[in-house]
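Down below is the structure, laid out as structure tokens.
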Amino acid sequence: MPRDPSTDREPRGERRRSTHHRNRSSTNHDRDRERETDAEREERRRKRRSQSRRPTSTPRGGGGGNESDAPSSSQGLSAAALAQLNKATAKEKAKSRSRPTSRQPEQRAERRRSRAPPPVEPEPGIRDARDLALEWERSRGKGRFAPPEDQEDAEREARRAARRAARERERTRERTRERSRAAGYESVGQGYESGEPDQERRRGRKKGYEKVDGGGGLAPKIITVAGPSGERYERDRTTKGGRRVVSGAQLEEGIENVHSRKPHRSGLRGGGFLGMNFGASSEDSMLRAKPQETESELWRGKPRPWYKQKKKLWWLIGVCTVLLIIIIIVAAVVVPNSGKGEDKRDDGGGGGSSGNSNLGSISPDSIPKDAPAWLNPFVWASTDDFNLTYTTETVGDLPVMGLFTSWDDSARANDNVPPLNKPWGDYSKRPARGVNVGGWLSLEPFITPSLFNYDSRYGIVDEYTLCSHLASRCPSVLEAHYASFVTESTFRDIASAGLDHVRIPFSYWAVQTYDGDPYLFRTSWRYLLRAIEYCRKYGLRVNLDPHGLPGSQNGWNHSGRLGAINWLNGTDGDLNAKRALEFHDRISRFFSQPRYRNVISHYGLANEPKMTELSVPAVLSWTTQASDMIRKNGIPPSVILVFGDGFRGLGNWQGELQSLPNAALDVHQYVIFNEEQIAYNHSQKIRFACQGWAQQTLESMDRSTGFGPTLVAEWSQADTDCAKHLTNVGWGNRWTGTLGPGGSRPKDVRPRCPALDRTCSCEEANASPDRWSDSYKRFLKMFAEAQMDSFEKGWGWFYWVWDTEDAAQWSYKKGMAAGVLPQKAYEREFNCDLSQIPSFSDLPETY
């Protein structure tokens, strides 16, 4: 591009002296005139004036001196010479614009100053040619330099014109500054020399820089750079993205690109990409055009879009990357594939799921905004068959909300039993045939393994650790399980199977929780009450089973927490025993209401207290206290109080707790948890069920050899302990000799299948029922019916459990479907006729 001509101009004072000299002499003799003396120059002037005088008829003064002479021809032509001199000056300026800028500006200015002649003051008595021309014009009364008639008006008009010109110049300067600011550049300093022309200053501002004062020191944080003609310019090196102060032809080109909005692709990093780095060539000659902290960066005449700003774009990319990493970590670690436990398999439910079909019967305004979750139907997973009318009424400090005010006890389970509103009679003559709805309100891993399907490093082995892991998600996960695993269809199917009693396990957190408890508080209470109403509807009598007491009464996973026994044992043993009594105090007052008089037939105290590790006298004392309190709170005498045998052996209960009215000893019979009984072959297991357990039942029922009334509240047809998580989450089993964490084979433990060697396998036992052979199905059904026959020699039985997700040999529902349990509990093919027991020689004893 053309070089800026303003950078080659002389200072204003020097140019004036040079122009004055050229008006009086020829430019071809500049060097000769420099050597002339003042006297010689004055002599030459006199000669020119004398030669150019014109004759006049009327001398101007006397004596023919300079004062009286008329103007000479040279004096008359001085105006023309001045015009020619102006033309010559304009040409000289045009030439200077095209001169190369390679010479150093300071050297060129010094040579010009050395060539310029010193100013010459006119001698007294010698008038300037302009004065003579004016005088000559006045004498003629006309001419270019003749003053106007009204001198004062002319002077006034000249001053006005000067002021208008000054204002116009100022407006021009202001417009130039505004254009510079709009382009993102701003000049600094006002340090022009006093003689520098305004035009040069305007041109500097238009190009985005301005010459600064050379005097004085530099301001802090300011650096000085050189321009193309030796001028010095400033810029701020400390302000990030500060104003740009530039110099040099290449940077001027870049500035032109800014004004023309065409990006200049420099060799710097990022030039021309995203940042739109216009015309930048080096860090010593430019700063960013955008002051990022104070001004809006322009892009094509408008504020640059955020996606065109390099720094913001990198920040956005960084934030998105971090968020993506967090999402991946959460998906891969925090919620592992074991989260499948929140979803129930289709065959693990109770034959259907509850819904919220009746929620539209109430208005949201009828529920206070501060109502707790157990009183707010709009947060319940299921509202079907609940009374949704809001009430804070309690009995025994337990809510009654959800219950209808009327009930009907006229239903019966089947034709072989009386309706609810009629007495059952003697259980020794009409034993109970019932089933447990276990793994529902008190979780048990082998029943619903999907809820415990987590990596072993999380240590989720019971309801305590599960809720600790789920934290705030525990309510939604567990209530979804409560609402789907057991529903109304569950109790309808139970009655259809010829069963007449239902044992409902639940735990203390349905009523109360304590500091440090992670359990879901009170939600299961509502489902317990609805389950009792479903039993009422289908004529089923209820056995209340407190499956988990404060502190855990046995340290097994189905008590809520696997590990130490802290009920009547350990540091908090007495405290937890007291809490367990408070628990019974509240529920006994609640269930003593008239509405439960007919439907609740059995009231349990504690499921499976592990009296092999507990103090027997302490357990007996606590049992007596609980029984007295329960009866005092109004539980009818017709309701059977049930307490566990504690694995002491039935004979050891002879004479114990004989003062308890209408009480029964609860025994749980399983061959698979006994090291010797699990090793029986198929025919031996059936024979033992018919003879061994029948004998035990009869002896326990006799008060001379046992406690007296005895019932079997848990049993199953399973002949192995192969079911997943049955012995504990992640543990092996006795059958294959892998009992222990991780299913390893301890050296001192050998397989307990009948073969007693490493050929023992769980494959057939854990297979789907449709893979079982006919011979194996025949065995399973005969084994189940043998137990039913024996246990009915006492006060009846309750199968464990109604349904499971996978373990078919533990599911009464799946057993009926597979043909290994009778379609009606009161209609059996085998009644312990020992002559009918086959050898089962076609069945392998190893599976």
Side-chain angles (χ1 to χ4, degrees), residues 1-9 12 93 97 101 163-193 196-213 219 222-229 231-237 239-266 268 271-272 275-282 285-305 308-309:
M1 62 177 293
R3 180 173 51 85
D4 184 6
S6 64
T7 58
D8 290 338
R9 291 180 181 173
R12 183 178 296 174
K93 290 180 180 180
R97 292 191 187 97
T101 61
R163 286 195 294 271
R164 285 195 297 271
R167 286 194 297 270
E168 183 62 28
R169 285 194 300 272
E170 185 61 30
R171 282 194 293 269
T172 301
R173 293 190 193 102
E174 187 62 28
R175 285 193 296 270
T176 302
R177 283 194 292 269
E178 289 296 329
R179 286 194 297 269
S180 298
R181 293 191 189 100
Y185 301 90
E186 186 171 332
S187 59
V188 298
Q190 300 297 332
Y192 289 95
E193 298 180 12
E196 184 175 357
D198 291 341
Q199 183 180 7
E200 182 176 355
R201 189 159 48 238
R202 287 194 299 273
R203 289 179 179 175
R205 288 175 180 157
K206 184 176 182 181
K207 293 181 179 298
Y209 55 83
E210 190 168 310
K211 189 189 295 183
V212 299
D213 188 6
I222 299 296
I223 66 169
T224 304
V225 296
S229 301
E231 300 91 342
R232 292 179 296 113
Y233 304 101
E234 293 182 344
R235 69 170 179 174
D236 189 345
R237 287 299 299 270
T239 303
K240 185 178 180 180
R243 290 187 175 90
R244 183 179 183 183
V245 185
V246 298
S247 67
Q250 184 175 1
L251 294 184
E252 289 170 9
E253 182 180 10
I255 295 170
E256 291 297 330
N257 286 336
V258 171
H259 288 296
S260 64
R261 299 186 179 91
K262 295 178 180 179
H264 174 78
R265 298 185 180 274
S266 70
L268 296 179
M276 301 300 287
N277 192 1
F278 297 123
S281 62
S282 72
S285 59
M286 58 93 56
L287 286 177
R288 296 182 185 274
K290 172 190 172 185
Q292 295 182 4
E293 288 84 358
T294 57
E295 298 181 13
S296 296
E297 184 176 9
L298 296 181
W299 184 78
R300 298 182 180 176
K302 299 178 181 179
R304 178 176 291 180
K308 288 291 185 179
Q309 300 181 30

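We number each residue from 1, following the sequence as shown.
Scanning for side-chain contact (heavy atoms from CB on, under 4.5 Å) contacts around Arg171 gives Arg167, Glu168, Arg175, with sequence neighbours left out.
The distance from atom CD of Glu174 to atom CZ of Arg179, rounded to the nearest 0.5 Å, is 11.0 Å.
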*Between Glu170 and Arg163, is a salt bridge (charged side-chain N to carboxylate O under 4.0 Å, His left out) present by the stated rule, with each step listed?*
CA-CA 11 Å; Glu170 185 61 30; Arg163 286 195 294 271; over 6 Å; no
